[in-house]
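Chain letters run A, B, ... following the sequence lines, proteins first, then strands; residues in each count from 1.
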Amino acid sequence: MGQARMARPGEGGARRHRVRAWELVRFLYIGGFLMFLLLPLYWMVITSIKPVSDFLAVPPVVFPSEPTIVHYTAALYSYRGMQGLINSLIIASATTVLSVAVGTLMAYSLARFHTGGQHLAFWVLSQRFLPGIAVVLPVFLLYRNFGLNDTHTGMILIYTVFSLPFSVWTLYAYFRQMPVELENAARVDGCSRWQVLKMIAVPLAAPGIVTAAVFAFIYAWTEFFFALILTSRTAFTLPSIFRSFLGFQGAQYGESSALTVISLVPSIALGLLVQRHLVRGLTLGALHE
Amino acid sequence: MGHHRAAEIPSGAGVSGRGSRIFGRRSTLSAWVDRHFGVLLVLPAVVLIVLLSAYPLVYSLWVDVVNYDFQIPGHDFVGWQNFKDVVVDPVAATALVNTVVLSSAVVAVELVLGLLLAVAMVRPFRGRGIVMPIVIMPLFMSPAIVGQFWGLLLQRPFGPTDYVLSQLLGRPVTISWLTEAPWNYIAVVLADAWQWTPFMFVILLAGFTSISHELYEAGQLDGASPWHTFYKISLPLVAPILLLAVAFRLLDAVKLFDIIYIMTGGGPGTTTYTAAFYLYEKGFQEFHLSQATAGSWIFLILTIPVISVLVRRLLRPETA
Amino acid sequence: MSGGSGWDEREFHTGLSEDVDAWLRGETSRRTFLTRLAQLIGGAAVAGPAAAMGSADRASAAGPAKVELAPPDTPLGKAQAAAVAASTQGPTDGSAYRAVQAAKKLKGATLNVTYESGLQALEPKNYSGPQWQALTGIPQNVIELPHPDQYSKPIAEHIANSGAYDILDIEPAWIPSLANGGVIQPIDEFVARYMNPADLDDYHPLYKFLPTYKGKRWGVFDDGDELCLYYRKDVIGDPKLQQAYKAKYGQALRVPQSWDEYSQVAQFITDQLAPNVYGTANFRKAGSPGNQFAFVQEFRANGGVFFDPQTMKAQLHSPAGLKTFEQMMAQNKASVPGNNDLDAVAQWVAWLQGKVAMIYSWPPTGRMSENYSQRSKSINFVPKSEIAGKVGYAPMPGGHGEMASGYVKSLAAGSKNAEAAYLFMQWVTSPPVSLARVMLPYTLRDPYRLSHFKSPLYRSLWPAAVEYLVTLNNSSNEAVLDMIMPGWQDYALSIDRMCTAVWAGQDPKAALQRAAGEWDAVTQKLGVEKQRDAYQQFMKLPGAYPDHTIATMGLGVKLT
């Protein structure tokens with residue numbers, strides 16, 4: 001690392017000013033962006049605890065004088081938020097398990113045996129970009145024949161398929177980077193491939209599995225489009241409840257904000273869990289930190 | 001990336017070694033499983049994808065060419081009629097144009113904002129550890145929720161936006177963000193950018209941090225202004241990553257639906273209909289299911305070239 | 001970018017949470033970690049269905065429902081008591097009594113009922129659902145849907161063969177589409193078996209025929225949504241304003257008798273009194289419940305016809321259409337700020353806060369203006385009325401207010417509890433029970449039976465209630481209807497979109513032409529011949545056009 005050369009006389013002051021100006025701009029921008037991110041969230045949280053009379057107030061109330069949690073209870077019970085919450089939990093958890101399990105198997109196969117070569121990999125990966133609308137119409141009709149509309153199973157299956165690219169690709173990257181020596185040694189010792197997978201490869205890929213699991217969970221937790229179309233009274237997920245706030249009973253701001261806050265909690269918590277592995281997940285392993 | 005390592009695990013001693021002595025009679029099944037292991041492993045995934053993606057798509061080819069409509073009974077063969085209905089529908093054209101315009105706009109905005117943020121945050125500073133999690137938060141939210149609270153902010157008469165703007169600008173602001181053109185487009189771009197700028201930011205940041213610090217220092221030593229360093233050195237180096245990010249984001253942006261559904265309902269009129277929203281309306285509000293299916297095939301065909309290119313690019317480093 | 005060669009174990013481990021890190025370091029055993037994870041998922045999987053079932057069937061799991069009743073010495077309390085009496089004691093040939101008796105034998109059913117979300121759904125949740133359960137032991141699930149979804153959701157469920165709904169709350173104008181599509185089933189058999197025919201005659205003549213289509217009966221009418229004009233007597237009657245108006249226009253300031261006069265009066269008031277009071281406020285937001293009602297009302301008042309009866313070409317882009325937009329845009333100009341974003345509830349808020357001089361809207365306006373609705377805790381998001389005692393009622397300018405939407409209770413075709421569902425429908429619309437329901441403070445259900453309009457109990461609710469009921473009844477004699485034919489919802493949404501496009505700045509002429517094109521496409525799709533027949537049928541209905549109403553056919557019932 002070289003040393004900074006000595007500043008020529010007169011030059012140092014100008015440069016320092018320039019540097020400080022850029023610093024200021026930099027922090028202003030970061031601060032501004034943070035404001036941009038946080039203000040809508042603030043407004044939403046505040047709205048969820050405002051008494052109804054505050055909704056109609058002009059000028060808008062920045063902090064309610066009588067905060068209330070009545071919107072949370074209304075959202076959970078009158079608007080069936082509790083049922084939506086539980087449905088989302090069930091569906092997201094099951095999707096996670098299935099997606100990661102199936103994805104791990106496939107990722108291992110692709111990494112170690114190049115099964116299906118380019119074509120299989122291409123096919124699986126391209127599912128990530130398939131427009132939902134192309135698939136949801138026939139799936140809706142097909143589910144009808146099998147009684148899968150508006151069921152947990154139906155949602156779990158479709159979410160698994162669409163989160164598979166994430167899972168497969170995250171784990172594929174891990175497996176490819178893992179040294180084969182341990183597995184080879186186990187094979188030589190007489191272990192079957194299944195045992196190698198189960199007892200060596202999977203434990204070593206644990207961080208990747210957790211990452212894939214979190215991404216799968218978040219996908220199923222936040223997905224809206226399929227839930228809107230394929231669920232109704234029974235298996236509706238938390239995001240799809242927001243459809244019922246569209247009607248002309250405009251003053252359900254409190255309940256819709258409360259539901260938003262409720263659904264954000266797991267999202268944010270899980271997001272923090274995998275923030276270091278974010279880039280890998282977002283780009284399906286093409287990049288990583 | 002380690003791909004020079006042997007991809008195959010030696011299958012040599014599998015059958016006759018210690019393992020088979022332990023498992024005895026099951027060795028035949030075990031051996032069979034071993035021989036076909038690769039294929040067996042991918043079977044569950046393949047079955048799922050075939051059942052829920054490939055088969056529905058094939059089935060929809062049939063729906064494309066018959067009448068499948070709530071208001072008209074029967075499933076008579078109609079040939080190209082469904083496709084024709086979509087092509088001549090003026091709302092479909094509007095939706096297509098909107099999709100192109102809106103997705104380009106959101107990706108451009110997110111790129112610029114994300115790039116600036118990545119540049120601003122690339123050098124560590126005190127508190128960066130707190131700022132980072134805040135910035136990536138929007139990525140884990142449901143787009144429907146993002147649309148929900150942006151709608152809350154922008155709506156009239158009870159949203160705070162116009163009031164705050166009026167105070168800031170010193171004169172009354174009476175913009176109907178959700179029901180007036182061109183403000184409704186801006187509202188959609190705002191909401192989408194709020195959520196996905198962090199996506200660009202995270203990827204670009206990863207790109208920038210991987211540029212060797214030495215290059216930076218060298219540039220600064222030579223008296224180059226930060227702008228010059230950036231323009232001539234950093235930018236070209238992150239260009240491939242940038243393109244990757246843009247491609248990812250663009251392919252997701254063309255599917256824009258959730259925010260439109262919640263914030264504008266496609267309105268006013270049909271001015272914020274995107275392709276996905278148009279197809280949803282046709283299929284699940286008007287129940288012209290065959291027409292909607294035909295439309296979604298057209299949409300798929302339009303996006304397949306971009307998808308192919310991107311996926312091939314993603315696969316390249318792995319198989320080189 | 002892709003790192004160096006070799007695999008750095010640390011690279012993968014950093015950043016994960018403490019727990020996982022600890023596990024990876026071997027500090028917790030894999031077994032405990034997996035056990036905990038499995039417990040979490042398993043717990044959710046087990047508790048989930050149980051809780052989901054619990055909350056869904058909470059209605060049935062709970063014991064006899066508690067009904068919130070008004071104090072028995074109030075008019076509402078008396079009406080509610082009368083409803084219970086009619087259901088339990090008789091008269092024994094009354095629809096209420098017969099329904100309850102028959103339904104008691106069908107215990108074990110649970111009914112799934114759709115309602116418009118928000119205010120509209122308060123009534124079944126707080127009164128008719130629990131009351132029915134108390135009388136018969138049959139619980140209900142209320143499914144709340146935004147107005148457009150009340151059409152599309154049942155169709156989606158029908159296509160999906162789910163049998164999810166038993167009773168559908170639908171617009172009468174949707175009946176042709178839904179009947180043709182097999183989503184609803186006729187109830188003639190049940191009516192013959194259980195209903196007291198006299199109760200059918202108790203309907204106001206405008207509503208009596210609405211649920212019939214192709215010779216069959218498809219539901220029971222349940223909500224008299226007659227649009228009327230509500231105005232501030234203190235503003236219109238203010239002497240200073242009257243003087244100024246006379247000076248400017250040479251006419252007296254009065255309740256407008258035509259749409260042009262309406263815009264003129266509204267603009268005048270805005271010019272004089274803004275920003276304290278504005279001339280008018282309108283529900284212009286898409287789907288809330290929609291611009292189609294206001295548009296087709298004024299369109300017909302201006303002489304517009306929907307179709308050319310021979311060619312079935314849409315006639316929206318006629319001079320009548322342009323004139324309608326001129327008038328509506330003049331109204332927008334004279335309205336409160338943010339007019340184009342108002343939905344029906346926001347319009348009420350502005351009205352109740354005293355900011356508006358005239359509005360046309362649904363009948364709950366009258367009850368809310370007098371603070372009658374706001375007595376109930378359930379209706380907490382409608383503000384207290386600042387204008388009680390100052391509100392006058394009048395028919396629409398020009399006299400032909402639209403019966404905008406309205407509701408019919410229909411039997412879903414896939415219902416597994418058809419008989420129990422029908423019996424509830426009969427009970428809930430029977431004269432004594434429906435009277436109690438339309439008198440509830442928080443209800444959005446409006447009077448529709450002659451016995452409602454004449455009811456001494458209702459008439460005693462507030463001083464001007466008599467005038468209110470009489471205005472509603474007499475307006476219904478002159479009312480025009482939504483276009484009851486197959487495809488109405490498609491035609492209606494087309495108009496809603498057309499209007500919002502114009503509010504956003506599009507040229508009205510272009511918008512009208514575009515909507516007419518959309519209408520023609522719908523007509524084509526459904527079959528021009530079939531639509532022509534359906535349109536002929538519609539034109540025969542009393543209320544199809546201003547020159548063909550209940551009144552012009554001599555069927556009107558005038559009340560005082």
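- Residue Gln81(B) does not touch chain C at all, counting heavy-atom pairs closer than 4.5 Å.
- For Asn180(C), no part lies near chain B; criterion is any non-hydrogen pair under 4.5 Å.
- Counting non-hydrogen atoms of neighbouring residues, nucleotides and ligands closer than 6.0 angstrom, the CH2 atom of Trp62(B) exceeds 12 such neighbours.
- Val349(C) touches chain B through its side chain: at least one heavy atom from C-beta onward sits under 4.5 Å away, while N, CA, C and O do not.
- Both the backbone and the side chain of Ser176(B) come within contact range of chain C, with heavy atoms under 4.5 Å apart.
- Here the CZ-CG distance, from Phe70(B) to Leu178(C), works out to 5.5 Å after rounding to the nearest 0.5 Å.
- Proximity to chain C (any heavy atom under 4.5 Å) is shown, for Ile175(B), by neither the backbone nor the side chain.
- For a residue to count as touching a neighbouring chain, one of its non-hydrogen atoms must lie under 4.5 Å from one of that chain's; by this rule Ile155(C) touches chain B with backbone and side chain alike.
- Evaluation of the ring pair (Phe, Tyr, Trp, His ring centres under 6.0 Å) rule for Phe293(C) yields no partner, not counting sequence neighbours.
- With values rounded to the nearest 0.5 angstrom, Thr174(B) atom OG1 is found 10.5 Å from Asp341(C) atom CG.
- Of all residues spanning residues 500-515 of chain C, those with a heavy atom less than 4.5 Å away from chain B's heavy atoms are Thr500(C), Ala501(C), Ala504(C), Arg514(C), arranged by number.
- Heavy atoms closer than 4.5 Å to chain C are found nowhere in Asp162(B), neither backbone nor side chain.
- With a threshold of 4.5 angstrom between heavy atoms, Asp69(B) approaches chain C through side-chain atoms but not through N, CA, C or O.
- For Leu169(B), the CG atom is densely surrounded, since the number of other residues' heavy atoms within 6.0 Å is greater than 12.
- When all heavy atoms of Phe287(B) and Ser152(C) are compared, the closest pair comes out as CZ-O, 3.1 Å.
- Using a 4.5 Å cut-off between heavy atoms, Val183(C) touches chain B through its side chain atoms alone.
- Interface remark: of the candidates Gly182(C), Ala156(C), Pro486(C), Gly487(C), Ala156(C) forms the most heavy-atom pairs closer than 4.5 Å to chain B.
- Rounding to the nearest 0.5 Å places CZ of Arg497(C) at 4.0 Å from OH of Tyr273(B).
- Among the candidates Gln71(B), Glu286(B), His288(B), the single residue satisfying the side-chain contact (heavy atoms from CB on, under 4.5 Å) test with Lys525(C) is His288(B).
- Heavy atoms closer than 4.5 Å to chain C are found in both the backbone and the side chain of Val91(B).
- Proximity to chain B is absent for every atom of Asp496(C), based on heavy atoms less than 4.5 angstrom apart.
- Interatomic distance, CZ of Phe284(B) versus CG of Asp149(C), reported as 13.0 Å (0.5 Å rounding).
- No hydrogens or angles considered: nothing links the side chains of Asn340(C) and Thr179(B) as a donor-acceptor pair under 3.5 Å.
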